[in-house]
Amino acid sequence: MFLKTHKTAGSTVLNILNRYADRKSLRFALPYNYHFNCPSYFHSSYVRGYNDFDKPHYDIMGHHMRFNLKEVKKIMPPDSFYFTIFRDPAKLAESSFYYCRNDFPAFQKAPNLKAFISNPDYYYQQNKTLNFLAKNPTWFDLGLKHGVPFTENMAREGVRIVEESFNLVLLADYFDESMILLKEELCWELDDVVTFKLNARVNFTHLEANEVERLRSWNDLDWYLYVYFNQTFWDKVERFGRKKMNVEVMKLRRRRQQLSKLCLGKQTPVEADKIYEKSIKPYQPMTVKINGWVVKRNLKPSVRAQCLRIVTPELQYIELLAARQFSEDVQCPVGKSNMKQMKNAS
Ligand SMILES: Nc1ncnc2c1ncn2[C@@H]1O[C@H](COP(=O)(O)OS(=O)(=O)O)[C@@H](OP(=O)(O)O)[C@H]1O
């Protein structure tokens with residue numbers, strides 16, 4: 001179970017899970033649209049095909065939600081591996097300010113990011129309830145009590161809940177090291193965790209050191225979590241072995257390079273209007289341009305299919321998985337479909 005937090009490289013991580021589910025014919029717990037009704041707390045009824053009576057089996061889950069462990073446990077098997085991803089709150093804030101500019105009054109009201117940074121409280125107070133990603137967005141995604149002032153006790157309690165709920169916390173800022181830790185925990189192959197950056201903006205704003213500090217202190221609860229889980233992340237790397245980690249990261253980068261040469265028409269990301277295949281064109285919000293990738297045309301069909309999957313954005317992948325899962329459901333009742341999966345997995 002992956003808790004996809006906002007603006008933390010979650011779309012790239014989700015691509016790994018999509019591909020894995022796709023290849024192994026696993027059942028993904030999918031939302032009806034593209035997230036599980038954020039900002040409401042997650043509820044099992046938000047999962048496509050779920051009902052309390054049949055309790056269909058699911059193997060993987062990973063789209064945006066406001067985390068609610070009790071309800072997630074109704075969907076996921078008891079031995080599921082829970083993980084999530086955090087990002088430095090200053091970088092996260094810069095990303096979400098532009099990406100979500102039209103969605104939150106606090107961002108809309110501010111004439112620009114610099115103005116927001118210089119007086120965030122002023123813009124935030126305008127409409128607190130609709131501003132859930134404008135302050136401590138990761139804390140919000142984790143389902144922790146939002147919109148309350150920082151206290152050390154509350155922050156510590158947040159850490160305790162995250163530690164209790166998740167087996168692993170990844171860091172977007174150390175993405176490749178994160179992928180190695182994930183691969184080790186899940187006993188996966190290197191190719192399972194090779195990715196190209198998805199959902200990345202074409203332009204971004206440079207932040208001055210004092211602006212970074214201000215954004216971290218504005219997102220005080222997120223910063224507390226980040227500092228704590230940054231420490232536990234590097235403790236894990238230490239236990240894994242620094243040298244071994246460096247070797248693994250090098251292998252990962254080499255493999256990415258190989259796949260890039262094999263698959264991509266251009267080795268660098270491409271603006272969406274230059275991508276003519278709908279199935280890999282990234283969604284463009286009103287406020288920013290999002291890059292994607294172009295896949296070579298003259299590849300063997302089986303190779304091309306693999307290359308396309310690595311760069312398939314989240315929204316298109318939902319439909320791919322849904323088409324497979326729901327056509328199966330039409331053909332066989334839930335019980336039989338589960339048996340088929342167990343056979344495939346064994
Ligand atoms: N591999 C890797 N390493 C580091 N950073 C990465 C990676 N993949 C995606 N990204 C950056 O993550 C940002 C998008 O995050 P999400 O996909 O979680 O956004 S969303 O909430 O689903 O809209 C977005 O950040 P910004 O470009 O700053 O907006 C991406 O560039």
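Nothing fancy with the numbering, it's 1 onward along the sequence. One-based numbering, in listed order, for ligands and for the atoms of each.
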Inset, instruction - Please lay out, stage by stage, how R216 and D88 fare under the test salt bridge (Lys or Arg N to Asp or Glu O under 4.0 Å). - result: CA-CA 8 Å; R216 286 173 177 169; D88 182 326; 2.5 Å; yes
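In plain terms, the two heavy atoms of A21 and I60 that are nearest each other are CB-CD1, 4.1 Å.
Taking the ring centroids of Y317 and F28, they lie at or beyond the 6.0 Å cut-off. For W234 and Y174, the ring centers are positioned less than 6.0 Å apart.
Listed by chain and number, residues touching ligand 1 at under 4.0 Å (heavy atoms only) are K4, T5, H6, K7, T8, A9, G10, S11, T12, H64, R87, S95, Y99, A172, F175, K197, L198, N199, A200, R201.
For residues 176-215, the ring pair (Phe, Tyr, Trp, His ring centres under 6.0 Å) pairs, not counting sequence neighbours, are Y20-W188, F196-W293.
Partner of T312 under the side-chain contact (heavy atoms from CB on, under 4.5 Å) criterion, out of N18, L320, V295: L320 alone.
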